[in-house]
Colleague: 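Mind having a look at this structure? Questions to follow.
All figures in this text were calculated on a predicted structure; none of them were measured in a lab. Counting starts at 1 for both ligands and their atoms, following the listed order.
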Amino acid sequence: MFKKLAMALLCTPILVFAQTDFDEIEITVSEVTNGIYMLEGSGGNIGLSVGEDGVFIIDDQFGPLTGKIKAAIAEYSNDDVQFVFNTHFHYDHSDGNENFGAGGAIIIAQNNARMRMTEDNFLQVVNVQQNAYNADGLPKITFTDSMTLHYNGHTLQARHFGSGHTDGDTILKFEEANVIHTGDVFVRYGLPFIDVPNGGNLNGIIRVMHGAIAMADADTKVIPGHGQLSGRQDMLDYVEMLETIRDRVYEGITAGMTLEQITATNPVRGYPEGFLNNESFSKIAYGSFF
Ligand SMILES: [Zn+2]
């Protein structure tokens, strides 16, 4: 039970205390644009493309939800899921891999994301053990910097801009449809979790955000890792928050202050705490410089 709670905490940090039972979770579907949908349940937002080639999903939430996710997709297509693209290795985005892989889906991820999935990994911020996936759950296709998929009439660009939230993040864009899925590089619950032990860092996530913003225009629809459908301005506001906090922390470091002294200045002031608070985020920000 503790594990289930902690798993849920990794994902939807604010709402989850009452949502420890996956039987209670419902999958809701929002149309983003013609043929592209956003699915919400527990865990990271799922992007869905249905069309003449078949079914393509971006991230797959928790294993116990696979049946409900498939049932939700079945409202839009009779086909099985052919491809699962993992935005990164965290299991609130990839715990369904073993189920979808066993069902015949081909999983795709950045090289480092796959590497993390082959290892047992203790996620210290949430005190959770994420174990290696079996062969079914591992990506069969990986890439280093970028790849392009041509599916359901879309040109789907996958870009890795270096370490950000983790060291294996992918930003995906359906070019013609003008829809981006950011994974957890961009979230809507306030201060983001940055997985420093798994290659993430604050300057990196800022750099990746600028890469994502450069892929967007005023009309782009953005599926964040967690939270509501967003746009380019939301990403601009978010990266401005990160840069402001980064600069405050860096100022303290250059002044010779310790982490405790920097934390006491409340570098996150003016921004909503959520999953992380001043103490935990200042520690992550500070750690990103060493
Ligand atoms: Zn994550």
Colleague: In H90, which N, O or S atom comes closest to the Zn ion (ligand 1)?
Modeller: ND1
Colleague: Decide, counting backbone as well as side-chain atoms, whether H88 has an N, O or S atom less than 2.8 Å from the Zn ion (ligand 1).
Modeller: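 Of the N, O and S atoms in H88, at least one lies under 2.8 Å from the Zn ion (ligand 1), which means yes.
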Colleague: Decide, counting backbone as well as side-chain atoms, whether D195 has an N, O or S atom less than 2.8 Å from the Zn ion (ligand 1).
Modeller: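 So D195 does not count as coordinating the Zn ion (ligand 1).
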Colleague: So which N/O/S atom does D184 have closest to the Zn ion (ligand 1)?
Modeller: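 Looking at D184, the N, O or S atom with the least distance to the Zn ion (ligand 1) is OD2.
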Colleague: Under a 4.0 Å threshold between the charged nitrogen and the carboxylate oxygen, would D234 count as salt-bridged to R188?
Modeller: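 Yes, this pair counts.
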Colleague: Exactly one of H90, Q124, H88, R116 should register a side chain to side chain donor-acceptor pair (under 3.5 Å) with D195. Which one does?
Modeller: H90
Colleague: Can you check whether N134's main-chain N or O pairs, donor with acceptor, with E98's side chain at less than 3.5 Å?
Modeller: yes
Colleague: Are H165 and F186 near enough that their ring centres are under 6.0 Å apart?
Modeller: no
